[in-house]
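Side chains are part of it too, since the values below use all heavy atoms of this structure and drop only hydrogens, waters and symmetry mates. In listed order, ligands and their atoms are each counted from 1. Since the model is a prediction, treat every value here as computed from it, not as a measurement.
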Amino acid sequence: MAFLFKSKSKSEIERGLHRTKESFGEKIRSIFTKKINDPDFFDEMEETLIMADVGVETTLEIIEHFKAYIKDKNIKDGEGLKNLFKQSLQDMIPQVTFDYKENQLNVLFIVGVNGVGKTTTIGKLSHTLKNEGKKVMLAACDTFRAAAIDQLSVWADRAEVPIIKQQMGSDPGAVLHDAIDSAISKQIDILIVDTAGRFHNKANLMAEIEKLNRILNKKIESAHKETLLVLDACTGQNAYVQAESFHQSVQLDGIILTKLDSTAKGGIVIHIAHQLKLPVKFVGIGERITDLLPFNRDEYIDSIL
Ligand SMILES: Nc1nc2c(ncn2[C@@H]2O[C@H](COP(=O)(O)OP(=O)(O)OP(=O)(O)O)[C@@H](O)[C@H]2O)c(=O)[nH]1
Ligand SMILES: [Mg+2]
């Protein structure tokens, strides 16, 4: 395993999370000006976490955890208390890095419902990976709309990476077939596959993703594959429902959470990571090609607290 993405500076992380920091963070920080024997302390904490999309179940677990730490350490206020809360949050979120394998083809399937930011994220990923010296190729497997292929081509141009595509309506499986052949012959490090977000219905969408997975497994056994679900952080609890539903049908390896710059409810990160045991691997913090960060649990928690 190699950690590819260089850590971004603190100011970039804070820029991306400024809305969450200002609303969720401010409320949380103000709770810690109180002592735990204040009758409102835990009620306010519960309300603040739920309002920030942490989810009821996860919120109650965090508070229970926090109370156990308090009892154990016998700390009742100040920085020490805040640190125990920080620890309670850390316990809820797995810390992961992007799992990249050297000297072999890595394939990233980017899945998610329409409009969440799949294509944009692929553009950002390509740019970053290419800048880190990797050979990247794109596969336009969203053949459902002509605009989807055109949009991915624009991102391929911007990131200066090759793209394998066919006409609208062609079989996504055939595109993947071509892309794998081309990736192998060009010794590509990372093939990123764009998939359709809209389909006739959900069952068809899942079946299509499974079909692409089968094609990959059949064609090349040695490729390292990851299926990453893209979710729009602005959709809050609905993003959680999407994650749950995809996770039941397709084996997911992680989440990319986009549009964190546009929401004050960044608590959804904690909810998804904890309840589905799915790591958030990247976060989108804007529409520019550089607006993608590797998700870092501790930086995330620090920027809130
Ligand atoms: N503010 C903000 N906007 C984003 C981010 N990521 C994507 N977007 C915007 O979200 C919109 C949809 O992005 P797309 O990449 O087209 O989404 P998609 O999932 O490929 O959509 P379909 O192909 O229709 O399924 C675009 O306007 C993007 O600019 C982000 O991190 N922050
Ligand atoms: Mg798209």
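Per-residue contacts place Ser262 under 4.0 angstrom from the following atoms of ligand 1 (heavy atoms of the residue considered): 1 (N). Per-residue contacts place Gln151 under 4.0 angstrom from the following atoms of ligand 1 (heavy atoms of the residue considered): 14 (P), 15 (O), 16 (O). Set against the non-hydrogen atoms of Gly284, the atoms of ligand 1 under 4.0 Å away are 31 (O). Listed by number with element, the atoms of ligand 1 under 4.0 angstrom from any heavy atom of Ile285 are 31 (O).
For the pair Ile285/Leu292, no side-chain contact is recorded, criterion being any heavy-atom separation below 4.5 Å from C-beta on. At a threshold of 4.5 Å between non-hydrogen side-chain atoms, the residues Pro172 and Leu212 count as touching. In this structure, Ser126 and Ile192 have side chains that are in contact, with non-hydrogen atoms separated by less than 4.5 Å.
Shown here is Glu244, whose CD atom has more than 12 heavy atoms of other residues, nucleotides or ligands within 6.0 Å. Heavy-atom neighbours of Lys35 NZ from other residues, nucleotides or ligands within 6.0 Å: at or below the threshold of 12. Annotation for Gln104: atom CD counts as buried by contact number, over 12 foreign heavy atoms lying within 6.0 Å.
By the 4.0 Å heavy-atom criterion, Gly286 is counted among the residues contacting ligand 1. Residue Asp291 places no heavy atom under 4.0 Å from ligand 1.
Atom 15 (O) of ligand 1 has Thr120 OG1, 2.6 Å as its closest protein atom, hydrogens excluded (heavy atom only). Looking from atom 23 (O) of ligand 1 to the surrounding protein, the closest heavy atom is Arg145 NH2, 2.9 Å. The protein non-hydrogen atom at the shortest distance from atom 17 (O) of ligand 1 is Gly117 N, 3.0 Å. The shortest contact between atom 24 (O) of ligand 1 and any protein heavy atom is with Arg198 NH2, 2.7 Å.
At a cut-off of 2.8 Å, measuring from the Mg ion (ligand 2), the protein N, O or S atoms that fall short of it are Thr119 OG1, waters left aside.
With rounding to the nearest 0.5 angstrom, the CD1 atom of Ile301 is 6.0 Å from the CZ atom of Arg297. A distance of 12.5 Å separates CD1 of Ile190 from CE of Met137, quoted to the nearest 0.5 Å.
When only interatomic distances are considered, the shortest N/O to N/O separation between Gly115 and ligand 1 falls below 3.5 Å. Considering both main-chain and side-chain atoms, Thr119 comes within under 3.5 Å of ligand 1 through a nitrogen or oxygen pair. Residue-to-ligand polar distances keep Ala148 apart from ligand 1: every N/O pair is separated by 3.5 Å or more.
Note: Phe66 and Phe85 meet the aromatic proximity criterion, with ring centroids under 6.0 Å apart.
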- Query: How far apart are the C-alpha atoms of His65 and Met92, what are their side-chain angles, what is the distance that settles it, and do they pass the side chain to side chain contact (heavy atoms under 4.5 Å, CB included) test?
  - Reply: CA-CA 10 Å; His65 225 67; Met92 297 291 139; 4.0 Å; yes
task: Might you work through the side chain to side chain contact (heavy atoms under 4.5 Å, CB included) test for Cys141 and Asp194, ending with a clear yes or no?
output: CA-CA 5 Å; Cys141 290; Asp194 191 20; 5.8 Å; no
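Of the candidates Leu231, Ile256, Asp261, Val113, the one placing a heavy atom closest to atom 2 (C) of ligand 1 is Asp261. Among Glu287, Lys118, Lys259, Arg288, the residue whose heavy atom lies nearest to atom 10 (O) of ligand 1 is Lys259.
Side-chain atoms of Asp232 and Thr258 include no donor-acceptor pair closer than 3.5 Å.
Applying the side chain to side chain donor-acceptor pair (under 3.5 Å) rule to Arg158 yields no partners; only residues at least two apart in sequence or on another chain are considered.
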